[in-house]
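The structure under discussion appears below in the form of structure tokens.
From a predicted model like this one, the values you see are computed outputs, not experimental measurements. Reckoned from all heavy atoms, side chains included, excluding hydrogens, waters and symmetry mates. Quick note on labels: first sequence line is chain A, next is B, and so on, each numbered from 1.
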Amino acid sequence: MAIDEEERLTRASARFWKWGRQNPKSEPEGASTDYLISMPRKVVTVYIPLLIFLFVLLFPFYWMTITTLKSNEELYDYENYSPFWVAKPTLDNIYKLFFETSYPLWLWNTMLVSVVATFLSLVCAVCAAYAIERLRFKGARLTGMAIFLAYLVPPSILFIPLALIVFNYGLFDTPFALILTYPTFLIPFCTWLLMGYFRSIPYELEECALIDGASRFQILVKILLPLSIPGLISAGIFAFTLSWNEFIYALTFISSSENKTVPVGVITELVEGDVYHWGSLMAGALMGSLPVAILYSFFVEHYVSSMTGAVKE
Amino acid sequence: MSFTRRRFLQTSSAVAAGAAGSQLLGVRRPFAQDTMSFEPEPGAELRLLRWSKFVQGDEDMWIANTKKFTEQTGVPVRIDNESWEDVRPKAAVAANVGSGPDVILGWFDDPHQYPDKLVPLTDLAEYLGNKYGGWYDAAQKYGMRDGEWIGLPLGASGARMVYRQKWVQDAGYEEFPTDYQEVLDIAKKLKANGHPMGMALGHGVGDANGWTHTILWGFGGKMVDEDNNVVLNSQETVDALEYVKELYQSFIPGTLSWLDPNNNKVYLAGDIGATNNGISVWYAAKNSEDPAMQAIAEDTYHAEMPVGPVGKPTELHLFTQAMVFKYSKYPNAAKEYLRFMWEKEQYEPWQLAATGYISHPLADYANNAVWTEIPKSTPYRDCVKNMLWNGYSGDLSYASAAAMADYIIVDMFAQAAAGERSPKEAAEYAARRAERYYRV
């Protein structure tokens, strides 16, 4: 490659990163992909990192899947069976999980708690983020910072005082114990995320609506929220995932087997002392991760657009 | 002695008052001298939180005994299970917030973390002790505080050397040795024959704490003295570390990261010739439908933990005991439930059904049929009898619990074995860590 051409490509790359993907139409000609034109370079800079990334992300799922489908005989015999492949697939582990434990009930509990807690948190977070970003009351910045700091307090510190509240309100061992405590970490997170998103929406849109006589509530519902759907989806997915995987509150506030969530339930029923039923445990983990994966797949475009900033001035 | 009408009235009044007082206190002795019972409160119902089953027979028989209790007393008992490592945080929360299950089967020194939240069980413990040959020393240490029983020991999920007999015989021993130097020798031979030993050096609550404490105490080392002064940095500790450093050379690779389940899996995979564990490995293999597993069960035997230079057993096992919380509205019903479950008629069948997974804290239960009818259980019989307590030889306290939760002893051995620190440095570092807790 000639030195001139290399310099041109380097400059084009620099311009590309400077302009960023937020202004695709303004990119200088040839700035977006020209620097990748050589196939060996493309392999090194794109495909190999992508493959490594995919391997790291997908291998746990692969491992869960093959362990789910293995019999104990195969699971413990490394000499005659490859640990990376299933020779004699079996559904025994899935059968045990669904028909010999309360797994379907735990799945339902987890879904109920996650959906309701996420919805409640989003409602509160929208109001909080809007107030902090748009109403600009005295101390709004400080409040925003305080909410962010609240997110940093680990649940392992909060669970004892929260347990006291849960017991005093008579919520112990009910789904409400989780539905009402999960927002303690979901609301700060969603608020913080939505504050950033609301900031990217032009304030002029609201000023126009104000001139046309819209109330604050109407602005929120009819202008801001429709424009914030990618942000809401993004916050919702995060909140849902955090609720779905939560362990310490679910362990502490729930006692009855019929009220447990998946992360706590599988440990209780599928670990007997120091004997772990790996096949069924992995089946539980795999089945438990499917709803979240499906949710992601439905909203992946909105999710990505919210991460990259969707609203243009 | 003449018995006047006036004296009869005094005596009978005293007896009646005593009986009434007993009723008020909830204590009555209606059947025989050696039988005590507590009158459950009207409308009593109980909630028990226990660790989830280690072996299926344990849970089945516990439930059957509980059902029998309900039939006899009319007191319904709800049993909630939690993974064994998760019971401790739940018990701590219950104690701190003042609400939760009436009875919890906790671990180790749990009652000593919140003694003022617990119903004293002295009358019940003394009754059981008198009736069944007395409590073993470790049980008394774990159950008592300031002369009062605050927990009712159920026993210990004991650990023994679990080994493949054929491979041990191939190494020139008839059975697994119980002398430290012979253990070192057989470990080398097992490794040379392709069947190395493996014992957890990761953060395994039961396995790793169990064998490392045994070795430390076996050489005469200990974390604190009787006055709770940290004395871990001693020549005895260094000797123990030197020993484990040499032993580790014959281990299968990977033991530094092993948690409680790892040795089970590796043993059942046929990759190691010996490890330390509860009876669960053999139980799991025996109950498997896989012929290969059954062959492993057939060839699996158990041996008592080795005895070190101090010349007496120095073991640590997963100790479990019942706690009745003061917030319970039905303390008498709870005590009656515990009494019922600890009586021979219930305890021995339960221990048998659990194939001896839990070793008894009361001396008379050493005669239980489980120790003769199931020969492979026999080595587990004296686990509580032979054990010391975490934080030996100091008191059970916040510091002893925190030091074990922080894996100070396990980490010390792991560092010395892996060569991360010399034995002397590892002992110094561990002593500094321990002092942080014992200063409080």
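- Note: A:Y95 and A:F98 fail the aromatic proximity criterion, with ring centroids not under 6.0 Å apart.
- Aromatic ring centres of B:W167 and B:Y163 lie farther apart than the 6.0 Å criterion allows.
- Of the residues considered (A:I267, A:L251, A:V275), A:L251 shows the highest number of contacts with chain B, using heavy-atom pairs under 4.5 Å.
- In terms of heavy-atom pairs under 4.5 Å with chain A, the best-connected choice from B:R78, B:E59, B:M293 is B:R78.
- Ring pair A:F59/A:F84 is tilted by interplanar angle, where 30° to 60° counts as tilted.
- Side-chain atoms of A:D173 and A:S256 include a donor-acceptor pair closer than 3.5 Å.
- Between A:F189 and A:W192, the ring planes lie tilted relative to each other; the angle falls in the 30° to 60° range.
- For chain A, the nearby part of B:E85 is the side chain; its heavy atoms alone come within less than 4.5 Å.
- Between the side chains of B:D60 and B:Q56, at least one donor N or O lies within less than 3.5 Å of an accepting N or O.
- If you check the side chains of A:K88 and A:Y81, you find a donor sitting under 3.5 Å from an acceptor.
- Shown are B:D102, B:T66, B:T70; of these, the side chain to side chain donor-acceptor pair (under 3.5 Å) with B:Y337 is made only by B:T66.
- In this structure, chain B has no heavy atom under 4.5 Å from any part of A:E74.
- In A:F247, the CZ atom is crowded: over 12 heavy atoms of neighbouring residues, nucleotides or ligands sit closer than 6.0 Å.
- Interface summary for chain B: among A:K260, A:E79, A:E269, the most heavy-atom pairs under 4.5 angstrom belong to A:K260.
- Between chain A and the residues B:G98, B:S99, B:S52, the largest count of heavy-atom pairs under 4.5 Å involves B:S99.
- Heavy atoms closer than 4.5 Å to chain A are found nowhere in B:Y283, neither backbone nor side chain.
- Proximity to chain B (any heavy atom under 4.5 Å) is shown, for A:N168, by neither the backbone nor the side chain.
- Within residues 258-275 of chain B, the residues having any heavy atom less than 4.5 Å from a heavy atom of chain A are, in residue-number order, B:D260, B:P261, B:N264, B:K265, B:L268, B:A269, B:D271.
- Under the side chain to side chain donor-acceptor pair (under 3.5 Å) test applied with B:T320, the options B:W84, B:W51, B:W107 reduce to a single match, B:W51.
- Neither the backbone nor the side chain of A:L162 comes within less than 4.5 Å of any heavy atom in chain B.
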